[in-house]
There are 2 protein chains.
Amino acid sequence: MAGIRDVAKLAGVSTATVTRALRDEASVTAATKAKVRAAALRLDYVPSAAARALSRGRSNLLGLFVPDITNPFYAQVAQGLEDRAAEARYHCVIASSHLNPERERHLLTSFQDGTLAGLAATTVGTDEGFTTALGATRGPLVLVDRRPRGIKAPLVRTDNRKVTRGAISQLFEMGHTRIAMISGPRDFDTACQRLSGFRLAYKAAGTALPDELIRHGHLGEAGGYKAMNELLELDPRPTAVFCFNNLVTVGALKAIREARLRIPVDISILAFDDMNLFPLVEPPISAIDQPAYEMGRAAADLLLRQLDGERGLGDVVLPATMIMRESLAPPSTR
Amino acid sequence: MAGIRDVAKLAGVSTATVTRALRDEASVTAATKAKVRAAALRLDYVPSAAARALSRGRSNLLGLFVPDITNPFYAQVAQGLEDRAAEARYHCVIASSHLNPERERHLLTSFQDGTLAGLAATTVGTDEGFTTALGATRGPLVLVDRRPRGIKAPLVRTDNRKVTRGAISQLFEMGHTRIAMISGPRDFDTACQRLSGFRLAYKAAGTALPDELIRHGHLGEAGGYKAMNELLELDPRPTAVFCFNNLVTVGALKAIREARLRIPVDISILAFDDMNLFPLVEPPISAIDQPAYEMGRAAADLLLRQLDGERGLGDVVLPATMIMRESLAPPSTR
DNA sequence: TTGTATGCGTTATCAG
DNA sequence: CTGATAACGCATACAA
């Protein structure tokens, strides 16, 4: 395991010069660089990450904190973050909390040791211990998708309200008047925003929105399944349902299938977040697609710029787009 | 940013004792531990990861190398690895190469700086530069899913051949005699093993296997789409198709849909690797399910044990299981 | 443009 | 059981 001193000796220069030459600094002669590189190559020299991190005061690792890496949405965010990070020679540490606030807090505190140069996070916790842990993060912090209460950091998100409003308005135009929503936890700002867009569409249509059509606090497949079953018991049944996110949609679809209802004849379905199998489901599911990959890239970018000393960065709002497939149709008149 | 010396001073002990107390070593008095802990807590002391890594000679980071983190199979592997790693207070660095051998090699070499204490990898590269890079890995190495030629390290895999043979035999029992396979790259040992199981089933059925029924070298959605289109042009058409992996299946399904063929009436489909939307596709897709999460855990476990000094660890073979859904049926007789 | 010397914050060795 | 101190391997300020 050759060290910098070995390289220096072989190249006939000082260790300082080795560092500079290998970083390709302008202040080093081309000739010297060549010598050093040759020596480094011959000795298979690779600078120690730990030593460098200690000496420079920060690592070349970016953290990504997500509720569930198994959810394709977050996996795409991860890929985007990683790609952008790689361009700046950073690597990514990914931590997935399984939607478990306790685990999340634990993970978060375990990263206060400077392992990470910066952190991009989508979190689910809301209690104070969690907020403290998030705030105590060393180095820059960027929020992805949603902002926990009381945390001040740049956020990368989509315009939830606007896109939802537009999509739901389309449902009204199709003739639906009884549109339900399976919404997420009340303290998720994303849930609030999507709900707000939903209400706006109702308002624009001049239709009253009965409370029973909104089911709060659902997350994951299980949540979607449960909520949909509740909605199916309503009388009259909603003619269309808007699902908070991809996994909620999957659960909802399973409930509908079990109830042997047909989409879109008996009920129309609109998902938030696309999935690559949605086109293959029977019928193909319409969805509001968030640019997950780009969100990841944007988050990395924000982190990198802060690491470069930039201050006062604002939120990044990316466009979400409606993808029309066959799960949406006018309500059947019977 | 309190350091270990501050804690030592406040607690009235030496830095060595602080280290020992905080690691809860048996050689330290309960009273001393209490003093040290109190001091550390009061100063918000968190040991520096970089300093520790430098001093101890290795980090607490495990690497995971995958072709595509966006593929749910690998995301589950990642989750398993991470969960197991967390139990031993390790974190995970995940690198996804987009199936790009060059990027893969680049990533690999960038990890020779000791960032990682160990590496779990599923790779796609085959050239020499790549093999060298993988072999030059610092610290323990574990292979997941498949083993590149010439690399010697413990492998976590499923019994591809056996499970494939069993599944294909079931198709023969249903009455199929013209079963095709969309296989992966010839130099993937997984492809070889699944193909071998496939041939075995043919042999057991006493049926000759025409070359045209095997399409080699396909990967990803695009590969599956292309291969399936080729198969559909065959005359007579195969009555059943076995797809190498999850994404290949997705591509194949799209081709079938475009051709307006019905599953399983016109053609039966069997996938390798399950996906959480397969039950919702019309019809629900039968699949051979690999325990991805468990594979990730096993990989982490193998890594951790090597880090603990264990040697001579062997391969881990986990069972894959056939999940019968509705995409498989006897061939229609017309 | 290059060299010297010191610091980075722990951990581990070796006494006591 | 605890303390003093030497690594760990690189980067940087300061000199030259």
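Throughout, a chain's letter reflects where its sequence line sits, starting with A, and its residues are numbered from 1. Remember, it's a predicted structure, so these values are computed and weren't measured experimentally.
- Counting heavy atoms of neighbouring residues, nucleotides and ligands inside a 6.0 Å radius, atom NZ of A:Lys33 exceeds 12 of them.
- What separates CG of A:Asp6 from P of D:dC8 is a distance of 12 Å, to the nearest Å.
- Remark: P of D:dA11 and CZ of A:Arg5 are 14 Å apart, rounded to the nearest angstrom.
- Heavy-atom minimum distance, B:Val28 versus B:Arg20: CG2-CB, 3.7 Å.
- Residues A:Thr158 and A:Gln290 bring a donor and an acceptor atom of their side chains to less than 3.5 Å of each other.
- Residue contacts for A:Val13: at a heavy-atom cut-off of 4.0 Å it reaches the sugar-phosphate backbone alone, with no base atom in range.
- Judged purely by distance below 3.5 Å, without hydrogens or angles, the side chains of B:Asn100 and B:Glu104 never pair a donor atom with an acceptor atom.
- Residue pairs meeting the ring pair (Phe, Tyr, Trp, His ring centres under 6.0 Å) criterion with at least one member in residues 106-149 of chain A, sequence neighbours excluded, are A:Phe111-B:His91.
- A:Leu22 places its CG atom 16 Å from the C1' atom of D:dT12, with the value rounded to the nearest Å.
- Map A:Val28 and B:Glu25 each onto its nearest nucleotide of DNA chain C; the residue landing nearer the 5' end is A:Val28.
- As rounded to whole Å, 15 Å separates atom C1' of D:dG9 from atom CG of A:Leu43.
- Here A:Thr19 reaches the OP1 or OP2 of D:dA11: one of its side-chain N or O atoms lies under 4.0 Å away.
- To the nearest angstrom, P of D:dA15 lies 15 Å from CZ of A:Arg20.
- Of the side-chain N and O atoms in B:Thr17, one or more sit less than 4.0 angstrom from OP1 or OP2 of D:dG3.
- The NZ atom of B:Lys9 sits 14 Å away from the P atom of D:dG3 (whole-angstrom rounding).
- Here the shortest heavy-atom pairing between A:Arg103 and B:Asp83 reads NH1-OD1, 3.1 Å.
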Please write out the pairs of protein N or O atoms and N or O atoms of nucleotides 5-9 of chain C separated by less than 3.5 Å, giving the distance to one decimal.
from	atom 1	to	atom 2	distance (Å)
C:dG7	N2	A:Ser55	OG	3.2

